[in-house]
Amino acid sequence: MRMRYLFFFALTTVAASLQANSLESILTAYEAKGAGPFSAQQGSKQWQRVVTHAGKGKPRSCGDCHGEDLKSPGRHAKTGKRIEPMAPSVNPMRLTDAKKIEKWFKRNCKWTWGRVCTDQEKGDLLLYLQQQ
């Protein structure tokens, strides 16, 4: 039992370090492009924003798939596929891979908002998610 605890502690410590480095480097890259300062409060508003695509019908928000409780799993609105919790506090590997972060921003912003997110929006959303 103690070994499991030590392993989990080591994993979460390493993941937290990777997460901080990944997020810091991503936010620095966004700032280099002119975005910032970033706001978790603004990220929360963006997360809750509901957008209806012209001609596509149903309104969408981030919570439609990821849920309102980011510490719990979500479910894709169209496919029903499980989505692991977004909160790094319960999913230590979340927000640790810059390439994955950019991939999912590209895909999810287009699906949810009908367009690519700006660097400012992405930075705000990342700060919001980091606090969860």
Side-chain angles (χ1 to χ4, degrees):
M1 179 76 164
R2 183 180 165 124
M3 286 301 287
R4 266 194 237 172
Y5 173 77
L6 290 173
F7 176 75
F8 180 75
F9 178 76
L11 177 64
T12 56
T13 302
V14 169
S17 175
L18 289 171
Q19 177 187 17
N21 290 336
S22 290
L23 286 177
E24 187 176 307
S25 64
I26 291 170
L27 295 175
T28 299
Y30 295 157
E31 288 170 342
K33 296 179 191 176
F38 303 111
S39 162
Q41 183 178 11
Q42 189 60 34
S44 174
K45 289 179 185 176
Q46 291 167 359
W47 188 267
Q48 297 169 29
R49 181 184 337 165
V50 177
V51 175
T52 303
H53 301 277
K56 300 239 178 170
K58 188 177 179 189
R60 295 181 182 158
S61 74
C62 300
D64 289 347
C65 293
H66 294 287
E68 296 306 316
D69 178 5
L70 300 180
K71 294 179 180 180
S72 297
R75 193 153 304 278
H76 192 278
K78 188 173 181 179
T79 66
K81 181 179 175 183
R82 177 187 165 98
I83 300 172
E84 293 303 319
M86 290 298 296
S89 62
V90 297
N91 185 356
M93 297 310 292
R94 190 59 91 181
L95 307 180
T96 59
D97 184 325
K99 280 186 171 184
K100 282 185 181 179
I101 291 169
E102 285 301 315
K103 169 189 168 183
W104 289 108
F105 266 136
K106 182 178 180 182
R107 184 177 293 175
N108 291 342
C109 290
K110 284 184 178 182
W111 192 83
T112 305
W113 295 346
R115 62 174 175 80
V116 174
C117 288
T118 67
D119 290 335
Q120 182 69 45
E121 290 168 330
K122 292 188 278 188
D124 292 339
L125 284 164
L126 285 173
L127 282 186
Y128 168 66
L129 293 172
Q130 184 181 32
Q131 292 182 350
Q132 302 306 305

**Student:** Examine distances only and state if a side-chain atom of Q120 and a backbone atom of G36 form a donor-acceptor pair shorter than 3.5 Å.
**Tutor:**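 Yes; at least one donor-acceptor contact below 3.5 Å.
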**Student:** What is the distance from atom CZ of R82 to atom OG1 of T79, rounded to the nearest 0.5 Å?
**Tutor:**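 That separation rounds to 13.5 Å.
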**Student:** How about L95 and I26: do any of their side-chain heavy atoms sit closer than 4.5 Å?
**Tutor:**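 No - every pair of side-chain heavy atoms lies 4.5 Å or more apart.
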**Student:** For M86 and Q132, what are the C-alpha separation, side-chain angles and deciding distance, and is it a side-chain contact (heavy atoms from CB on, under 4.5 Å)?
**Tutor:** CA-CA 8 Å; M86 290 298 296; Q132 302 306 305; over 6 Å; no
**Student:** Ignoring hydrogens, what is the shortest heavy-atom contact between C65 and A77? Give both atom names and the distance.
**Tutor:**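 Result for this residue pair: SG-N, 3.2 Å.
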**Student:** Any side-chain heavy atom of E31 within less than 4.5 Å of one from D119?
**Tutor:**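 Counting from C-beta outward, E31 and D119 never come under 4.5 Å.
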**Student:** Between K58 and T52, is any pair of side-chain heavy atoms under 4.5 Å apart?
**Tutor:**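 K58 vs T52: side chains apart.
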**Student:** CG/L125 to SG/C62 distance, rounded to the nearest 0.5 angstrom?
**Tutor:**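 These two atoms lie 6.0 Å from each other.
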**Student:** Show your reasoning for whether side-chain contact (heavy atoms from CB on, under 4.5 Å) applies to F105 and V116.
**Tutor:** CA-CA 8 Å; F105 266 136; V116 174; over 6 Å; no
**Student:** Apply side-chain contact (heavy atoms from CB on, under 4.5 Å) to N91 and list each qualifying residue two or more places apart in sequence or on a separate chain.
**Tutor:**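 With neighbours one apart ignored, the set is E84, P85, M93, R94.
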**Student:** Are the side chains of I83 and R75 in contact, using a 4.5 Å heavy-atom criterion?
**Tutor:**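 Side chain of R75 against side chain of I83, heavy atoms only: no contact under 4.5 Å found.
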**Student:** Is it true that, when you exclude Q48 itself, more than 12 heavy atoms of the residues, nucleotides or ligands shown sit nearer than 6.0 Å to its CD?
**Tutor:**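 Correct, the count exceeds 12.
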**Student:** Taking atom OG of S72 and atom NE2 of H66, what is their separation to the nearest 0.5 Å?
**Tutor:**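 Reported to 0.5 Å precision, the distance equals 13.5 Å.
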**Student:** Does the plane of the ring in Y128 sit parallel, tilted or perpendicular to the ring in W47? Use 30° and 60° as the thresholds.
**Tutor:**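 Tilted.
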**Student:** Does the distance from a Lys or Arg side-chain N to an Asp or Glu carboxylate O, for E102 and R107, drop under 4.0 Å?
**Tutor:**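 No, this pair does not count.
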**Student:** Atom NZ of K33 and atom OG1 of T118: how far apart are they, to the nearest 0.5 Å?
**Tutor:**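 Between atom NZ of K33 and atom OG1 of T118 there are 11.0 Å.
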**Student:** Applying side-chain contact (heavy atoms from CB on, under 4.5 Å), can you list everything that pairs with K71, at least two apart in sequence or on another chain?
**Tutor:**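 side-chain contact (heavy atoms from CB on, under 4.5 Å) check on K71 returns D69, A87, S89, V90.
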**Student:** Will you find, in the side chains of T28 and E24, an N or O donor that is under 3.5 Å from an N or O acceptor?
**Tutor:**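 Distance-only check fails for T28 and E24.
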**Student:** Are the charged groups of R49 and E121 less than 4.0 angstrom apart, N to O?
**Tutor:**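 Looking at R49 and E121, the cut-off is met.
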**Student:** Decide side-chain contact (heavy atoms from CB on, under 4.5 Å) for L126 and Y30; before the verdict, give the C-alpha distance in whole Å, the side-chain angles of both, and the deciding distance to 0.1 Å.
**Tutor:** CA-CA 11 Å; L126 285 173; Y30 295 157; 4.0 Å; yes
**Student:** Determine whether I101 and W111 fall in the same hydrophobic cluster, where Ile, Leu, Val, Met, Phe, Trp and Tyr are linked whenever their side-chain heavy atoms lie under 4.5 Å apart.
**Tutor:**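 As far as the 4.5 Å side-chain criterion goes, W111 and I101 are not connected within one cluster.
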**Student:** side-chain contact (heavy atoms from CB on, under 4.5 Å) between V51 and R60: does it pass, once the steps are laid out?
**Tutor:** CA-CA 5 Å; V51 175; R60 295 181 182 158; 5.8 Å; no
